[in-house]
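Notes for the one structure printed next.
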Amino acid sequence: MKRFLGIIICCFVVATAYIAYVIAERQTALQKFARYNDSWAIGQTVSEYMRLEHRVAAYAMGMDDADRDEVRLRLDIMIGRLQLLKQGSLHSFIEDDAQRRELLSELTKVLDVLDQRFETLDTEGLKATLKTMAALDASMTALASTAVEYDVGLIDAAQAELRQLHLIYTGLAGGLILCGVGLVVLLLRHNSLLDGAHRKMKDLTDNLREASGELKLQNYRLKHVAHHDALTGLPNRVLFRQDLENRLKTATAGGPTAVIFLLDLDGFKDVNDTLGHDVGDGLLQGVASRLTKLGGEGDLVCRLGGDEFAILTAGLNEQQAFDFARDVMDEISFPYLVSEREIKIGTCVGVALSVIGSGTDELFKQADLALYEAKSLGSGHACVFQSQMQTRLTEKKSFEADLKQALRKGELEIFYQPQVNTITREICGYEALLRWFHPIRGQVPPSEFIPVAENIGLIHELGDWVLRTACTEAARWPRSLKVAVNLSPVQFRSRNLIQSVVTIVTQSGLDPDRLELEITESVLLDKNEQTLETLTQLKAVGIQIAMDDFGTGYSSLGSLRSFPFDKIKIDRSFIRDVTTRADAFAIVELVTGVGRSLGMTTIAEGIETEEQFACVKQVGCEQVQGFLIGRPVPATQLDHLRQASNGVSLTEYEGLVDVKAVSGRSS
């Protein structure tokens with residue numbers, strides 16, 4: 001369709017241009033017809049010449065009807081006619097022939113003479129002039145005849161050209177009519193197609209409008225999903241941040257103070273692990289419902305992720321914020337009924353109030369610090385952010401950074417505390433204890449840096465270093481001496497523990513049966529198959545396994561039944577009161593008896609007096625460890641302790657121990 005329309009339009013353009021050309025040619029032909037009056041003009045000139053000649057003759061003969069004025073009038077008319085012969089197409093006609101040019105020249109001379117001398121010519125002069133004029137009569141008549149013949153030829157040629165142009169014009173007009181008819185047909189067809197397209201476009205527009213409505217609805221849903229939690233329907237972290245930014249802008253402009261309440265649920269992980277995620281999801285929905293009811297007008301309750309929630313409000317002072325936090329904890333602590341189960345949980349709340357210049361991230365970190373502080377106090381506590389919390393956090397980060405660099409800088413060292421046989425007081429081995437000597441902080445107790453190392457994931461590197469160093473050192477001791485190394489529960493959860501221990505023992509050259517790995521009861525709390533499998537594989541290699549701090553856990557007897565330990569270590573908390581409290585003595589006696597009946601060696605740690613030594617010896621404890629026996633010392637001072645095993649008395653070598661070494665142990 002478009003191609004046909006283009007062709008027709010091109011034909012119209014070409015035809016229109018050609019018609020314009022034909023019209024121009026026709027106008028030219030018509031102009032030629034205008035020139036065909038030249039023969040008439042020449043004929044009139046010849047007639048005027050004859051009249052002039054007749055009047056001059058009448059005047060020369062003195063006829064009454066001829067006077068000088070009339071002759072003068074005819075002369076002026078003739079002179080005017082002569083000027084016409086010298087202009088335009090008549091001039092071209094004269095110039096085309098030499099005879100005609102000569103005739104015109106002779107005629108001009110005759111008329112000029114007559115014009116110049118007319119007033120002074122007498123009868124004889126006029127007669128002489130008549131003779132000259134008569135000589136031109138034949139030439140003038142021939143000129144008129146030639147002009148007529150010439151014009152007749154031109155008229156015939158022009159008529160033929162006009163007929164040809166007329167035919168062309170008629171053909172073009174007919175072609176244009178046909179093109180016009182075709183164009184009308186095409187336009188009607190095109191209009192029909194346009195109507196169809198318009199109907200389709202209308203249908204498409206309706207469909208598009210419907211799809212646009214659905215898209216807007218979908219966009220609204222997506223926006224809602226992007227800014228709300230799918231489980232609880234509460235605003236999520238994105239909307240929380242946007243709302244907090246707006247509240248801080250309002251506070252900066254002089255509006256009410258922005259307040260963040262940050263909380264997470266205590267015991268939620270246990271609910272998920274024991275009752276399943278469906279119950280956990282129902283519990284989260286119940287918490288969200290209660291928090292929504294607690295929030296006032298203009299407050300925003302959000303779920304930030306997991307079991308972490310937040311409430312944004314404004315205009316509260318510290319006391320009001322703390323009271324509201326207490327209300328939140330009270331509301332959360334009421335029992336929940338989920339899947340016909342009654343569930344009771346608690347929460348801690350961290351509160352932060354904005355000040356002038358507070359930023360979004362800064363205020364959120366302050367609330368997080370307050371929550372961390374509340375959780376450190378135990379379940380059911382709320383804390384409002386104070387500046388010293390930031391100081392403690394900075395100190396904590398600095399402490400962690402220093403600990404990460406301690407091993408590289410050589411600030412860590414292994415101390416060894418002797419373990420002796422209760423009967424002979426001969427050294428049977430040493431416990432490897434990790435010490436940190438910081439150039440500024442001084443000596444940092446293991447009870448401070450070991451938990452930090454566990455939290456930041458450094459305990460694996462430190463544990464491997466302690467085990468490698470202790471095994472390498474023990475390999476140089478007499479074969480009768482063993483070395484005890486503590487394993488952190490975090491280390492024990494590593495899947496690479498067995499491979500790492502076996503590799504270190506093999507590389508050090510130490511016999512596996514001379515290595516004791518001390519673990520706490522917390523390792524066995526889960527009692528899963530992986531834990532028992534790990535312990536079994538370590539024993540299969542020949543490594544001794546000891547239970548450290550026995551009696552301080554929650555399932556000591558059950559732990560002894562689940563796995564055959566080689567040694568039980570009685571915690572120093574019982575030894576401290578063994579000489580003064582009957583219950584402590586009874587516990588030590590009971591543990592020793594249990595160990596003896598199960599074929600396990602018992603060792604009492606924290607022996608500091610002879611009275612304590614005598615008590616544990618009385619109940620049958622096989623080994624002891626403590627300041628009475630020897631303080632922890634570096635490996636360089638162990639030579640003197642080895643001499644004790646060759647017969648030097650306890651009193652003699654005790655004074656050789658470095659008294660600067662500070663007590664303590666690593667775990």
Side-chain angles (χ1 to χ4, degrees), residues 25-163 165:
E25 289 296 317
R26 192 169 183 177
Q27 291 296 329
T28 302
L30 291 175
Q31 289 176 0
K32 291 180 180 179
F33 278 107
R35 292 200 306 270
Y36 301 157
N37 292 325
D38 292 347
S39 59
W40 178 83
I42 291 175
Q44 290 297 319
T45 301
V46 173
S47 297
E48 289 296 332
Y49 180 77
M50 294 301 178
R51 289 191 186 95
L52 174 61
E53 184 178 7
H54 179 265
R55 296 319 295 173
V56 171
Y59 179 70
M61 293 175 61
M63 292 183 179
D64 294 337
D65 58 346
D67 56 12
R68 183 177 291 274
D69 292 336
E70 183 182 3
V71 174
R72 184 66 199 183
L73 176 60
R74 290 297 175 184
L75 177 59
D76 291 339
I77 291 173
M78 186 59 198
I79 291 173
R81 288 290 181 180
L82 181 62
Q83 293 301 321
L84 289 176
L85 295 178
K86 295 180 180 181
Q87 297 175 1
S89 57
L90 292 176
H91 177 70
S92 299
F93 174 73
I94 298 298
E95 291 295 325
D96 288 342
D97 185 76
Q99 292 181 353
R100 290 194 286 269
R101 289 198 302 273
E102 183 178 356
L103 174 61
L104 181 61
S105 177
E106 291 295 333
L107 180 60
T108 301
K109 290 178 181 180
V110 171
L111 293 178
D112 286 343
V113 170
L114 184 60
D115 181 45
Q116 294 173 2
R117 299 179 181 179
F118 181 74
E119 298 297 336
T120 60
L121 285 176
D122 53 9
T123 302
E124 293 300 326
L126 290 174
K127 290 179 179 181
T129 300
L130 284 173
K131 290 180 181 180
T132 304
M133 293 178 69
L136 298 176
D137 288 347
S139 297
M140 291 294 292
T141 302
L143 177 63
S145 176
T146 302
V148 171
E149 182 181 355
Y150 179 74
D151 280 351
V152 169
L154 289 177
I155 288 172
D156 291 340
Q159 286 178 344
E161 184 178 355
L162 281 175
R163 283 193 298 271
L165 291 175

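Just so it is clear, the structure is predicted and the values come from calculations on it, not from any experiment.
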* Taking S105 for its side chain and R101 for its backbone only, find out whether a donor-acceptor pair lies under 3.5 Å. =>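 No; zero donor-acceptor contacts below 3.5 Å.
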Looking at side-chain heavy atoms only, is the closest gap between [X] and [Y] below 4.5 Å?
X: M50; Y: T141; result: yes
X: T45; Y: M78; result: yes
X: E48; Y: L75; result: no
X: T132; Y: L114; result: no
X: D112; Y: I79; result: no

* Closest non-hydrogen atom pair between L130 and A57, with its separation ->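 Closest pair (atom of L130, atom of A57, distance): CD1-CA, 3.4 Å.
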Point-to-point distance, once rounded to the nearest 0.5 Å, from [atom1] of [X] to [atom2] of [Y]:
X: S139; Y: L104; atom1: OG; atom2: CG; value: 12.0 Å
X: K109; Y: L111; atom1: NZ; atom2: CG; value: 12.5 Å
X: L107; Y: Y49; atom1: CG; atom2: OH; value: 6.0 Å

Are there more than 12 heavy atoms of other residues, nucleotides or ligands under 6.0 Å from atom [atom1] of [X]?
X: Q99; atom1: CD; answer: no
X: K86; atom1: NZ; answer: yes
X: E102; atom1: CD; answer: no

* Asked: Going through the checks in order, is the side-chain contact (heavy atoms from CB on, under 4.5 Å) test met by L143 and I94?
  -> CA-CA 9 Å; L143 177 63; I94 298 298; 4.0 Å; yes
* May I ask you to say whether D76 pairs ionically with R81, meaning some side-chain N is under 4.0 Å from a carboxylate O? =>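 Result for this pair is no, no salt bridge flagged.
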* To do: Tell me whether the guanidinium CZ or amine NZ of R100 lies under 6.0 angstrom from the six-membered ring centre of F93 and within 45° of its axis.
  =>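 Yes, R100 and F93 form such a contact.
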* Asked: V46 and R51: side-chain contact (heavy atoms from CB on, under 4.5 Å), yes or no, with the steps?
  -> CA-CA 9 Å; V46 173; R51 289 191 186 95; over 6 Å; no
